[in-house]
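Along the sequence shown, residues carry numbers from 1. Heavy atoms only: backbone and side chains are in, while hydrogens, waters and symmetry mates are out.
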Amino acid sequence: MRSIISWCTVQWDRALAIALTVLGAIALIIGWIGVSRALVPSQQLPYIISGGIGALFILGIAAALWISADLHDEWRKLDRLEEVLRTPPPTDADARNDGHDAATVQANGASPRRSRPLRSTRVSL
């Protein structure tokens, strides 16, 4: 129970989207039951408006909240990538500070000015 509450406080937009999705589904079911019990179309109209259109509006808000939460996650990932790219590559002074001198690095066949290659990641959609 404690983990659910902590998740809801951290992911409040997703939790609200889930709650609104459940509420929209309930509104659709209540509207459908009301329309199916009414025989005259004039009696069905209030159920269509409140149950159908209201539920679609609630479901639209839930979808917008979920997409917004996904976009926030992507922005956080991009911020982390930007921070990694902004850090300067290691220099000769960094190699000497690590206990390796430039002659040892060059003797091993590596250039002291060359930075590590970035890992490439594949993104599948």
Side-chain angles (χ1 to χ4, degrees):
M1 183 68 173
R2 188 172 190 88
S3 64
I4 293 173
I5 293 173
S6 65
W7 181 82
C8 287
T9 56
V10 173
Q11 299 285 333
W12 64 269
D13 39 6
R14 283 194 174 93
L16 186 59
I18 291 170
L20 286 176
T21 302
V22 170
L23 182 66
I26 290 171
L28 275 176
I29 291 169
I30 291 172
W32 178 73
I33 291 171
V35 167
S36 66
R37 288 184 182 169
L39 300 175
V40 181
S42 63
Q43 293 174 344
Q44 295 175 353
L45 192 61
Y47 293 107
I48 292 172
I49 291 173
S50 63
I53 296 174
L56 290 177
F57 181 73
I58 292 171
L59 290 172
I61 292 173
L65 279 171
W66 193 272
I67 291 171
S68 174
D70 286 345
L71 287 174
H72 281 120
D73 290 346
E74 294 299 321
W75 290 336
R76 282 187 220 109
K77 288 178 189 176
L78 285 174
D79 287 341
R80 286 194 305 260
L81 285 173
E82 184 180 18
E83 284 297 319
V84 167
L85 292 175
R86 283 188 182 194
T87 57
T91 61
D92 291 336
D94 292 337
R96 283 190 292 264
N97 290 339
D98 290 341
H100 298 78
D101 58 345
T104 306
V105 173
Q106 287 178 351
N108 290 335
S111 172
R113 295 178 190 239
R114 188 183 315 165
S115 64
R116 293 186 305 229
L118 294 175
R119 291 186 197 172
S120 65
T121 58
R122 299 180 95 186
V123 177
S124 61
L125 300 175

*Mind checking whether Ile49 and Trp32 sit in one hydrophobic cluster, side chains of I, L, V, M, F, W, Y counted as touching below 4.5 Å?*
no

*With hydrophobic residues grouped by side-chain heavy-atom distances under 4.5 Å, do Leu39 and Ile48 end up in a single group?*
no

Calculate, to the nearest 0.5 Å, the distance between atoms [atom1] and [atom2] belonging to [X] and [Y] respectively.
X     : Y     : atom1 : atom2 : value
Asp13 : Asp73 : CG    : CG    : 8.0 Å
Ile5  : Thr9  : CD1   : OG1   : 8.5 Å
Ile18 : Leu23 : CD1   : CG    : 13.5 Å
Ser36 : Gln44 : OG    : CD    : 8.5 Å
Leu81 : Glu74 : CG    : CD    : 10.0 Å
Lys77 : His72 : NZ    : NE2   : 14.0 Å

List the atom of [X], the atom of [Y], and the distance in Å for their closest heavy-atom pair.
X     : Y     : result
Ala17 : Thr21 : O-OG1, 2.7 Å
Ala25 : Leu59 : N-CD2, 4.4 Å
Ala55 : Gly24 : CB-O, 3.4 Å
Leu28 : Gly52 : CD2-CA, 4.2 Å

*Using a strict 4.0 Å threshold on nitrogen-to-oxygen distance, state whether Glu83 and Arg80 make a salt bridge.*
no

*Should the heavy atoms of other residues, nucleotides or ligands under 6.0 Å from CH2 of Trp7 be counted, would the total exceed 12?*
yes

*Taking atom CZ of Arg37 as the centre, report whether more than 12 heavy atoms of other residues, nucleotides or ligands fall under 6.0 Å from it.*
no

_Go through it in stages, so that I can follow the logic: the residues are Trp66 and Asp70, the test is side-chain contact (heavy atoms from CB on, under 4.5 Å), and I'd like the CA-CA distance, side-chain angles, deciding distance and then a yes or no._
CA-CA 6 Å; Trp66 193 272; Asp70 286 345; 3.5 Å; yes

_Test side-chain contact (heavy atoms from CB on, under 4.5 Å) on Asp79 and Glu82; report intermediate values, then the result._
CA-CA 5 Å; Asp79 287 341; Glu82 184 180 18; 4.1 Å; yes

